[in-house]
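The structure appears below as structure tokens.
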Amino acid sequence: MNEASNELPQTEENLDQNQDTSSEAIYQETVPPEEIIFDPGTSLQQPTPYLLHIQSGDPVELPDNQPMVMLGKPNNDNPPDVDLSGLTDSEIISRQHALIHIEAEKYYIEDLGSSNGTYVNNISVPKGERQEISAGDVIALGKEDKVTFIFKLP
């Protein structure tokens, strides 16, 4: 340090402490505020739907970026995308119980010929037919509402 100045000599370490190199700071310096455009339709990630298990209150995440999601219990031939074997009363869930289809921001559930059926808002979904589901719908896998979910969109 020289006596005429109380400043530290300019070293690489001191320069790093004085500069804000975060991407936000760089963006703010290079793009005038009037040119910043917010477009909610161009988000990088769409919200991932999930099932809220009514009996436990636990969310069951659905894999994202898949056009179909199989619900069921594990088997050697065709394991489900969402394993429900750990839930209470899971014995009423078939190995390949139901499919959730995602098509153009619409959601459908299809029963795959399960032993105990699939229900949306207490109405049976016929085997092999798709039933549209919306946020807030109650989905029951099996009779008597032993394994039920609320379909949620974040």
Task: Shortest non-hydrogen contact between Asp81 and Pro63, atoms and distance - done: CB-CG, 4.1 Å

Open item on the list: Main chain of Ile54, side chain of Thr148: is a donor-acceptor contact present, judged purely on distance under 3.5 Å?
Closed with: no

Task: Min side-chain heavy-atom separation Tyr107-Ser134 under 4.5 Å - done: no

Open item on the list: According to a hydrophobic-cluster definition based on side-chain heavy atoms being under 4.5 Å apart (Ile, Leu, Val, Met, Phe, Trp, Tyr only), do Val147 and Val82 belong together?
Closed with: yes

- [ ] Indicate the atoms forming the closest heavy-atom contact of Ala140 with Asp145, along with that distance.
- [x] CB-OD1, 3.6 Å

Task: Interatomic spacing from NE2 in His53 to CG in Leu87 - rounded to 0.5 Å - done: 4.5 Å

Open item on the list: Show the nearest heavy-atom pair for residues Ser124 and Pro126, with the distance to one decimal.
Closed with: O-CD, 3.4 Å

Open item on the list: To the closest 0.5 Å, what do you measure between CG (Leu99) and NE2 (His101)?
Closed with: 4.5 Å

Task: Contact check, side chains of Pro74 and Asp83, non-hydrogen atoms, under 4.5 Å - done: yes

- [ ] Quick one: pull up OG1 in Thr118 and CG in Asp111 and give me the separation to the nearest 0.5 Å.
- [x] 3.5 Å

Open item on the list: Within the structure provided, determine whether Leu51 and Leu71 are in side-chain contact (heavy-atom separation under 4.5 Å).
Closed with: yes

Open item on the list: If I compare all heavy atoms of Pro80 with all of Met70, which pair ends up nearest, and what's the gap?
Closed with: CB-O, 3.7 Å

TODO: Would you confirm whether Lys143, through its side chain, and Gly117, through its main-chain N or O, come within 3.5 Å as a donor-acceptor pair?
DONE: no

- [ ] If a pair satisfies salt bridge (Lys or Arg N to Asp or Glu O under 4.0 Å) and one of its residues is in residues 116-141, list it, with sequence neighbours excluded.
- [x] Glu103-Arg130

Open item on the list: Taking the side chain as everything from C-beta on, heavy atoms only, tell me whether Val138 gets closer than 4.5 Å to Asn122.
Closed with: no

Open item on the list: Looking at every heavy atom in both Ser115 and Ser94, which two are closest together, and how far apart are they?
Closed with: N-OG, 3.0 Å

Open item on the list: Show the nearest heavy-atom pair for residues Pro59 and Tyr50, with the distance to one decimal.
Closed with: CB-CD1, 3.8 Å

Task: Intermediate values then yes/no, side-chain contact (heavy atoms from CB on, under 4.5 Å), Ile100 and Met68 - done: CA-CA 6 Å; Ile100 293 180; Met68 293 186 295; over 6 Å; no

TODO: Dump the intermediate steps for side-chain contact (heavy atoms from CB on, under 4.5 Å) on Val120 and Gln131, then the final yes or no.
DONE: CA-CA 8 Å; Val120 175; Gln131 169 69 45; 3.9 Å; yes

- [ ] Tell me whether Ile109 is reachable from Leu62 by hopping between hydrophobic residues (I, L, V, M, F, W, Y) whose side-chain heavy atoms are closer than 4.5 Å.
- [x] yes

- [ ] Answer whether the closest heavy-atom distance between the side chains of Asn78 and Gln96 falls below 4.5 Å.
- [x] yes

Task: Heavy-atom check, side chain of Leu153 versus side chain of Thr48, under 4.5 Å - done: no

Open item on the list: Test of understanding: clusters of I, L, V, M, F, W, Y form through side-chain heavy atoms closer than 4.5 Å, transitively. Do Phe151 and Val125 belong to the same one?
Closed with: yes

- [ ] Would you confirm whether Lys146, through its side chain, and Ile92, through its main-chain N or O, come within 3.5 Å as a donor-acceptor pair?
- [x] no

Task: Remaining members of the apolar cluster that contains Tyr108, side-chain heavy atoms under 4.5 Å - done: none

TODO: Flag yes if Ile102 and Phe149 sit in one hydrophobic cluster, no otherwise; membership is Ile, Leu, Val, Met, Phe, Trp, Tyr, and two members link when side-chain heavy atoms are under 4.5 Å apart.
DONE: yes

TODO: State whether the side chain of His97 and the backbone N or O of Leu84 hold a donor-acceptor pair below 3.5 Å, judged by distance alone.
DONE: no

Open item on the list: Just checking Glu144: does its CD atom have more than 12 heavy atoms from other residues, nucleotides or ligands closer to it than 6.0 angstrom?
Closed with: no

Task: Cluster overlap Leu141 with Ile133, hydrophobic side-chain contacts below 4.5 Å - done: yes

Open item on the list: Determine whether a donor-acceptor pair (N or O, by modelled atom type, separation under 3.5 Å) exists between the side chain of Ser90 and the backbone of Ser85.
Closed with: yes

